[in-house]
Amino acid sequence: MSLAPFRDEVAAAVAEITGLDAAVIAGHLERPKNPDHGDIALPCFRIAKTLEAKNPAKLGGEIATKAGDALCGDGKRFEAVKAAGPFVNFKIATGALARATLEGIDAGGEAYGGGDEGAGKTVVIDYSSPNIAKPFGVGHLRSTVIGAAVARVHRHLGHEVVGVNHLGDWGTQFGTLAIGIERYPDLRPSEDDPDDEAIRKLYGLYVLINNDKRLEDSYRKLDENPGHEAIQRDIECDLASRPDDAPPFERSSGTPIDVAAREWFRRLEAGDAAARAEWQELRQLSLREFDRIYQRLGVEFESTRGESDYNDLLSEAVSLAEASGLTRLSGSDPKDEGEAGALIADLRDDKLAIALLRKADGASLYLTRDIAGVAYRTRTYAPWRNLYVVGKPQELHFKQLKRVCQGIEAVGALKSESGDSVPGGWSDAIVHVSFGHYSGMSTRRGTLVFLEDLLDEAVTRARAASEESKKGPRLEGAELDAALEAIGLGAVIFNDLRQSRVKDIPFDWDRMLSFDGDSGPYLQFGYARLSGILAKWSEAEPKLGDIDPSLLAEPRTRTLLVALARFPDAVREAARSYEPSIISQYLLDLSAAVHAFVHEHQVIRAETPELGRARYALVAATRTVLRTGMGLLGIEALDRM
RNA sequence: GCCCCCGUAGCUCAAUUGGAUAGAGCAACGGACUUCUAAUCCGUAGGUUCCAGGUUCGAGUCCUGGCGGGGGUACCA
């Protein structure tokens with residue numbers, strides 16, 4: 001049950017009056033910003049034009065009078081229709097709203113708010129996708145929690161969802177790390193280190209070798225421009241930022257690090273056994289770390305494939321790109337930059353710069369591997385949508401990917417395994433679900449905050465908040481530990497999902513770990529209060545048929561009802577825009593209504609037994625919706641806190 | 001240089017995708033716990049929606065030009 005049936009009823013009545021199409025009118029209906037106006041509004045400017053003449057205010061008055069006669073009255077589902085200037089506001093009869101909403105939630109249970117409109121439409125979601133050579137920092141949190149939420153929302157609507165963790169386990173950065181290990185063998189993590197220790201060592205090595213690389217570059221530039229001040233400052237800065245326990249920087253006269261790294265990666269891609277073994281071991285080490293974090297966050301993937309799994313498809317990806325007719329070899333135009341012989345697609349006419357599909361030395365690139373990935377996913381899953389939950393800095397990359405894929409689709413080059421053409425639309429299915437980053441951190445400079453440290457700190461602060469809490473049960477032992485874990489993580493996850501995803505999030509411990517106001521624990525606390533009421537109810541659980549829904553009419557009670565009825569609309573909006581913050585904002589509204597209701601009205605000691613039973617039904621329904629909504633975001637609901 | 005995002009209260013964000021009097025939280029101030037959990041609720045204060053034009057019944061939202069911040073821009077991912 002949502003407000004949709006009521007909207008349809010309004011649209012039908014207005015259609016009857018004006019002679020316009022009901023579906024068109026339904027499209028114009030909106031929710032008044034100010035709830036005092038009503039539950040549904042018709043802005044008459046929208047239809048005034050098609051009806052010709054008449055000023056909107058006059059039209060509004062006419063419609064209000066006629067629609068009021070048709071919709072309101074005994075046994076009807078509306079209680080008021082009023083014109084306010086050019087707007088016509090419709091207020092739903094509280095009894096009808098309560099009955100329809102509570103019955104809908106009772107019938108749907110945890111499935112309430114969802115549906116089956118996604119049946120037969122597979123959604124592939126590429127998310128989290130951490131880089132093996134780097135640790136799991138808070139930066140990866142965003143892709144993980146946004147992707148997981150988008151996945152759950154689509155599943156709720158009946159979509160088949162394939163969550164794909166596309167591990168960054170291939171590429172030149174791996175070579176950089178390998179060179180670091182060659183240079184500082186003592187710092188290499190070993191099999192015997194505990195997981196946590198090993199990944200930190202690896203990270204230390206990663207930071208160190210990148211520091212070396214920058215210093216090398218700077219000294220080389222200084223040789224060319226002796227005495228250059230800016231370069232000297234860079235050098236001092238990098239020397240200063242070197243960890244105290246790190247070996248001193250020694251300028252090697254041999255191959256520069258970046259060249260050596262590219263060469264190392266080329267050997268790996270060519271199948272060199274030693275490189276392969278080293279890569280395999282580092283990969284396993286990182287995977288163990290990631291698994292621990294996914295378990296903690298409650299995230300599971302249907303498919304975990306590294307970029308390395310696409311190696312067999314790389315040559316095909318290149319052929320597909322060539323077949324599109326978009327590519328040529330660099331160097332054939334005298335204005336080309338860089339080394340000659342690379343395979344490029346000149347997309348400058350589409351304002352998409354130049355896309356690089358194969359390096360001059362023959363090695364693959366990110367784009368090539370993503371084309372292979374699209375080909376694989378299209379054949380394996382035939383997705384209705386192919387989502388990439390990846391940060392905003394890669395917008396150009398995904399535009400290039402989509403453009404090249406459109407070129408490939410246009411010539412029908414992609415074939416299924418049986419050799420038939422794949423059904424069209426696969427390139428348009430590609431959607432980059434981009435997001436802003438936490439600002440104020442950089443992986444390579446070593447200012448990164450480990451996700452596990454953040455989560456641990458969140459739990460510590462949750463403990464302090466719990467001890468300060470003035471009322472409520474004193475939890476102990478395992479129940480307390482579990483609650484603190486859920487609260488700490490709830491705060492972190494909600495903080496990440498509460499604002500629209502395109503915006504950057506300033507990294508701030510106090511903000512991320514706030515338990516007051518608009519926060520995860522605010523939702524959890526509302527849920528716990530509802531659970532407490534239900535737990536203390538000693539009478540028989542009232543049946544929906546035995547309660548009088550029209551009793552649920554006090555302002556705060558009705559606000560709560562309207563919020564419940566809106567949930568299905570919020571889920572659909574969140575799915576349409578791939579925007580979990582729609583759910584977050586909705587849950588804040590719902591929770592505010594919960595707290596306001598609980599604060600003002602008694603359930604167990606209600607004014608009358610009938611009122612108590614009606615409120616009980618409302619509380620039970622609300623608890624279900626709150627739990628479902630929190631579940632969509634990945635926030636655990638607690639019965640006691 | 002070119003391209004893409006963002007700019008709303010002191011701070012962090014909303015605003016039904018062009019609708020009514022721009023709303024929340026934090027911080028500040030004042031109230032509410034012998035009554036189902038005060039990690040809560042109620043109130044006060046806080047706004048030239050970066051600036052200047054334009055489009056129309058109507059602009060925080062759309063178009064043009066500035067300003068400020070961030071990101072991308074050929075062999076990293």
Side-chain angles (χ1 to χ4, degrees), chain A residues 30-34 37 41 43 45-46 48-49 55-56 84-87 89 129 131 133-134 168 170-173 175-176 258 261-262 265 307 330 336-339 341-344 348 351-361 363 365-367 369 390-397 399 434 436-437 439 462 465-466 468-473 487 495 498-500 502-506 508 510-511 514-519 521-522 524-526 528-537 566 569 573 577 581 585 588-589 592 595-596 598-606 619 640-641:
Chain A
E30 51 193 41
R31 178 164 54 95
K33 213 177 254 177
N34 182 344
H37 289 140
F45 340 92
R46 304 243 173 109
K49 274 178 196 158
N55 75 62
F87 290 89
N89 294 312
S129 304
N131 211 309
K134 302 176 194 172
W170 209 243
T172 310
Q173 90 277 3
T176 309
D258 52 344
R262 278 205 295 273
F265 175 60
E307 295 186 294
S330 69
D336 282 351
E337 297 169 25
E339 234 179 298
L343 187 68
I344 61 173
R348 282 177 293 196
K351 292 189 174 174
L352 297 181
I354 285 181
L356 205 55
L357 291 139
R358 191 182 56 212
K359 298 190 210 173
D361 68 4
L365 285 147
Y366 187 32
L367 183 60
R369 297 197 279 275
V390 180
K392 205 163 52 170
Q394 295 185 38
E395 238 154 45
L396 177 60
H397 166 78
K399 282 180 184 166
S434 77
H437 274 123
S439 48
S466 167
E468 274 174 35
S469 159
K470 296 185 183 112
K471 288 182 88 172
I487 291 165
N495 177 65
R498 65 191 246 219
Q499 64 183 290
S500 45
V502 295
K503 294 194 176 176
D504 291 340
I505 303 183
D508 175 1
D510 289 337
R511 174 198 150 122
S514 160
F515 302 133
D516 299 323
D518 292 353
S519 69
Y522 181 78
Q524 290 170 316
F525 184 48
R529 293 177 93 180
L530 297 177
S531 291
I533 292 168
L534 298 188
K536 292 199 167 122
W537 180 264
R566 268 204 306 127
D569 300 333
E573 179 59 19
S577 53
S581 69
Q585 293 296 332
L588 284 176
D589 281 351
H595 285 297
V598 169
H599 205 267
E600 174 136 326
H601 299 299
Q602 293 284 316
V603 178
I604 291 170
R605 277 173 291 275
V619 166
R640 310 205 304 158
M641 66 181 273

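Only this structure's heavy atoms are used, side chains among them; waters, hydrogens and symmetry mates stay out. Just so it is clear: chains get the letters A, B, ... in the order the sequence lines come, proteins before strands, and each one is counted from 1.
Residue contacts for A:Q602: at a heavy-atom cut-off of 4.0 Å it reaches a base atom on one of the strands shown. In this structure, A:S500 reaches the sugar-phosphate backbone alone: every heavy-atom distance under 4.0 Å involves primed, P, OP1 or OP2 atoms, never a base. As judged by a 4.0 angstrom heavy-atom cut-off over every strand, A:G532 is placed among residues touching the sugar-phosphate backbone only. Looking at heavy-atom distances under 4.0 Å, A:L396 makes contact with sugar-phosphate atoms alone, never a base. A:R46 comes within 4.0 angstrom of a base, heavy atoms only. Contact annotation for A:R640: base contact, defined as any heavy-atom pair under 4.0 Å involving a base atom. Residue A:I487 is classed as a base contact, given a heavy-atom separation below 4.0 Å to a base. Using a 4.0 Å heavy-atom distance criterion, A:A592 is classed as making no nucleic acid contact. Residue-level contact check: A:E337 touches the bases, meaning some heavy atom is under 4.0 Å from a base atom. Note on A:K536: only backbone sugar-phosphate atoms sit closer than 4.0 angstrom, heavy atoms only; bases stay farther off. Within 4.0 Å of A:V598, counting heavy atoms only, lies at least one base atom of the nucleic acid. Within the nucleic acid shown, A:Q394 comes within 4.0 Å of at least one base atom, counting heavy atoms only. Among the protein residues, A:K392 comes within range of the sugar-phosphate backbone only, with heavy atoms under 4.0 Å from sugar or phosphate atoms but none that close to a base. Nucleic acid contact for A:L365: sugar-phosphate only, since backbone atoms but no base atoms lie under 4.0 Å from a heavy atom of the residue.
Using the Watson-Crick or G-U wobble rule with both distances under 3.5 Å, B:G1 pairs with B:U73. Across every strand in view, B:U21 sits unpaired, with no contact that passes the Watson-Crick or G-U test at under 3.5 angstrom. The base-pairing partner of B:C41, taking Watson-Crick or G-U wobble contacts with both distances under 3.5 Å, is B:G31. Applying the Watson-Crick and G-U wobble criteria (two distances, each under 3.5 Å), B:C26 pairs with B:G10.
Between A:L396 and A:L352, some side-chain heavy-atom pair lies under the 4.5 Å cut-off. A heavy-atom distance below 4.5 Å is not found between the side chains of A:H37 and A:F87.
Using a 5.5 Å limit on the distance between ring centres and a 30° limit on the angle between planes, the aromatic ring of A:H397 does not count as stacked on the six-membered base ring of B:A77. The side-chain ring of A:Y522 is not stacked on the base of B:A39, judged by centre separation under 5.5 angstrom and plane angle under 30 degrees. In this structure, A:F87 counts as stacked on the base of B:A20 under the 5.5 Å centre distance and 30° plane angle limits.
By the 4.0 Å N-to-carboxylate-O rule, A:R566 lies close enough to A:D589 to be salt-bridged with it.
Straight-line distance between the C1' atoms of B:A15 and B:A24: roughly 10 Å, to the nearest whole Å. Atom C1' of B:U48 sits at a distance of 13 Å from the matching atom of B:A52, rounded to the whole Å.
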